[in-house]
2 protein chains.
Amino acid sequence: MGSDVTLKHIADALGVSAMTVSRALNNRSNVDEETREKVLEKAQSMGYTPNHVAKSLVSSKTYTIGVVIPEITHAFFPEVVRGIEEVTNNSDYQLFLTNTNEQFDREKNAIKTLRSKRVDGLLISSSQTEDDVSYYKSLVDSGTKVVFFDRCIEGIGASTVSVNDRESSLKITEHLINKHGYTKIAHLGGPHVSIGQKRLEGYLEALEKYDLPINDKWIIVGGFQEEAGYDAMEKLLDLPTEEFPEAVVSVNDPSAIGAVKAIEEAGLSIPDDIAIVGFTDDIRAPLLDVPLTTVHQPAYEVGKRAAQKLIRTIERDSETVENIVVPTTLKIRSSCGC
Amino acid sequence: MGSDVTLKHIADALGVSAMTVSRALNNRSNVDEETREKVLEKAQSMGYTPNHVAKSLVSSKTYTIGVVIPEITHAFFPEVVRGIEEVTNNSDYQLFLTNTNEQFDREKNAIKTLRSKRVDGLLISSSQTEDDVSYYKSLVDSGTKVVFFDRCIEGIGASTVSVNDRESSLKITEHLINKHGYTKIAHLGGPHVSIGQKRLEGYLEALEKYDLPINDKWIIVGGFQEEAGYDAMEKLLDLPTEEFPEAVVSVNDPSAIGAVKAIEEAGLSIPDDIAIVGFTDDIRAPLLDVPLTTVHQPAYEVGKRAAQKLIRTIERDSETVENIVVPTTLKIRSSCGC
DNA sequence: TAAGATAATGTTATCGCTAACATGCTACGA
DNA sequence: TCGTAGCATGTTAGCGATAACATTATCTTA
């Protein structure tokens, strides 16, 4: 690519200065119409492609956003990316996508590289991590523009876009209690990151509200993937009859789908032997043998809002820090007993 | 970000020249060990992040790859991206992801911007387009390093990575003929791009091989999305009894899933009234009421091979142009009648 | 007609970094 | 003791584009 045409080449070919060419190509005023046309023509015929790298160096602006997601094959995230793109497409930003595979180390590495590449801002859905907020704190403190989405870190000076996790979890648990009269309800939890925590809280709040027993054995801390759900469910299935739960609230759909597999393999039937609900509204949820009752997360909307907020944060210094909440809807199917 | 620490800042703080700092940070020889340590320490404490933009300008290398895909929510592509990332993660390249939503205009736009950003190379799965190869031809001729994947443009001097579309389509059609004895087989085709074309050819070849009738009314040219499959199937369903097909070969799974919906809505049953097979092995394929027989495409592998090939092409000029074919496997489920 | 305004263009310096060459210093063999 | 090799470091220039200022040439207007 060293053979690329530069402003200088066009300038020399035309016997003018590089500055004139620059002005002509950028539609500045004070350029003779005739000159402008000659320049445009020459640029075209020489196959000129402006060098954004040089431009970025001058302006210290790259029109580039880094997107950090934990798991690209979880259908929720591609949909978020679509939402992000809808916005960036109309604002000339390009996206650096990095998939961290739920590994915090990879995430830190990715962020480091993205900062080296001088992205204008970062959209982060953080990987599962211990409560080590300090890393993100110093990232934000360093002046890097960050908007968290879905798996957010709140209270460190960055805006966030998420769904009302606690409330949604509360509602779907309430549904199990109200509509179906279950009293023994278990929770397949996620790891200790924001959404895992909040969904657990919502679940607990529902039980408390209805004075239902909370049993430590019913709360299994697992992960967000299918295997984690499968493994966690196996533990529940091992419980003695008197402690056997009637229903399960899963931290997300992949986990629920893993759990469904475990339940089926154990020869039990859903929802008669055990009911189950998820969270996400995965593309597969309606297709399961027993369609999965779940919380629909408007992924596209989350992406869109996050991107909008980030771009505003980048473009004006006065932009305030917000915790934006996108509402979910309950998707009642039949795995809950309906 | 104008407040970033630069080499110069470190140099001044240490009373040395910027060059020495550069040398120290880049592990060059001929730097006093003591100096190097002081520099490293200072860089750390000042929160120095190397400016890759400036580096790129000097070296005319960005360690950046543009990935152009037509439809990020089609599960095949996220999986490809995972494969690409597996490679780039180990080679320090970052990915610009652009989703063109099957629109050629957006694709051209994206490529233009990516070239401005001086990506080292492009991984392209081209959007549906008329046979206008000239655009891609001049792209490749301009010296841009390109590797096509999945939806490839062959014969224009760029390497390609794809599955054996024609052969796979032939095989799955043969399965319908051999195993099930169907003689009236329709095809829900994709648009006129490489994979659409090749899968059509495979289908036709199978019919010819077994001397089966080819009926123009059985070949519906549609699109790659679910709605296209639905619409196309509706046309087939309108055919009079004597022309009504016994089985349908769909260009991909989303299209097949749309078709399944149309069939179910028409009150017909699969595979008794009409059999159907797809191509992709979408995450939903095994979950349909009648699990879908299809061709499994190793998406991850496609992404990996494409990325490897591109990086080799970027890094050595002698790299040859190849058409790499990744083999598929038939995924026999029950929608074919098995 | 002189003097200032305006339009079109050119020159210089800079963004942050590094290649290439230059400099100063120590060390070592003849 | 000198000359030269080699190490550690400095200086200059340039990557491609542009901001800011400088220079023309042309045009107004009192």
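Keep in mind that what you see is a predicted model, and the values were worked out from it rather than measured. Letters A, B, ... mirror the listed sequences (proteins, then strands); counts begin at 1.
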> Where do A:S127 and A:T100 land on the side-chain hydrogen bond (donor to acceptor under 3.5 Å, both in side chains) test, with the steps shown first?
Replying inline: CA-CA 7 Å; A:S127 312; A:T100 63; 2.9 Å; yes

> What's the verdict on side-chain hydrogen bond (donor to acceptor under 3.5 Å, both in side chains) for B:R115 and B:S142, showing C-alpha distance, side-chain angles and the deciding distance?
Replying inline: CA-CA 11 Å; B:R115 293 186 64 202; B:S142 78; 3.2 Å; yes

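Under 3.5 Å, the side chains of A:T160 and A:S162 contain no donor-acceptor pair of N or O atoms.
For the pair B:Y48 and C:dC17, the criterion of a side-chain N or O lying under 4.0 Å from OP1 or OP2 is met. Not one side-chain nitrogen or oxygen of B:S22 sits closer than 4.0 Å to the OP1 or OP2 atom of C:dC17. Side-chain N/O atoms of A:K55 include one lying less than 4.0 angstrom from OP1 or OP2 on D:dT18.
In this structure, B:N26 places its CG atom 10 Å from P of C:dC17, rounding to the nearest Å. With rounding to whole Å, A:L57 atom CG is found 12 Å from D:dG14 atom C1'. The distance between atom CG of B:L7 and atom P of D:dT11, rounded to the nearest whole Å, is 15 Å. Between the CG atom of B:L25 and the C1' atom of C:dT18 there is a distance of 12 Å, rounded to whole Å. In this structure, NZ of B:K8 is placed 13 Å from C1' of C:dT14, rounded to the nearest angstrom. Here the C1' atom of nucleotide C:dG16 and the CZ atom of A:R118 are 9 Å apart, to the nearest Å. In this structure, A:K61 places its NZ atom 15 Å from P of D:dA19, rounding to the nearest Å. Regarding B:D4, its CG atom lies at a distance of 11 Å from the C1' atom of C:dG16, rounded to whole Å.
A donor-acceptor distance shorter than 3.5 angstrom exists from the side chain of B:N99 to the backbone of B:I72, with no hydrogens or angles considered.
For residues 37-47 of chain B, there are no side-chain hydrogen bond (donor to acceptor under 3.5 Å, both in side chains) pairs, not counting sequence neighbours. Contacts classified as salt bridge (charged side-chain N to carboxylate O under 4.0 Å, His left out) and involving residues 52-75 of chain A (residues at least two apart or in different chains) are given here: A:K61-A:D120.
For B:R36, the salt bridge (Lys or Arg N to Asp or Glu O under 4.0 Å) criterion is met by B:E33, not counting sequence neighbours. Considering only residues two or more places apart in sequence or on other chains, B:K309 meets the salt bridge (Lys or Arg N to Asp or Glu O under 4.0 Å) condition with B:E319, B:E322.
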Check the interface with nucleotides 6-10 of chain C: list each N/O to N/O pair with the protein under 3.5 Å, or write none.
from, atom 1, to, atom 2, distance (Å)
C:dT9, OP1, A:T35, OG1, 2.8
C:dT9, OP2, A:D32, N, 3.1
C:dT9, OP2, A:T35, OG1, 3.3
C:dG10, OP2, A:S17, N, 2.7
C:dG10, OP2, A:S17, OG, 2.9
C:dG10, OP2, A:T20, OG1, 2.7
C:dG10, N7, A:R23, NH2, 2.8
C:dG10, O6, A:R23, NH1, 3.4
C:dG10, O6, A:R23, NH2, 3.4

Between the protein and nucleotides 22-27 of chain D, which nitrogen or oxygen pairs are less than 3.5 angstrom apart?
none

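Contact annotation: the side chain of B:T88 approaches that of B:L95 to within less than 4.5 Å [non-hydrogen atoms, C-beta and beyond].
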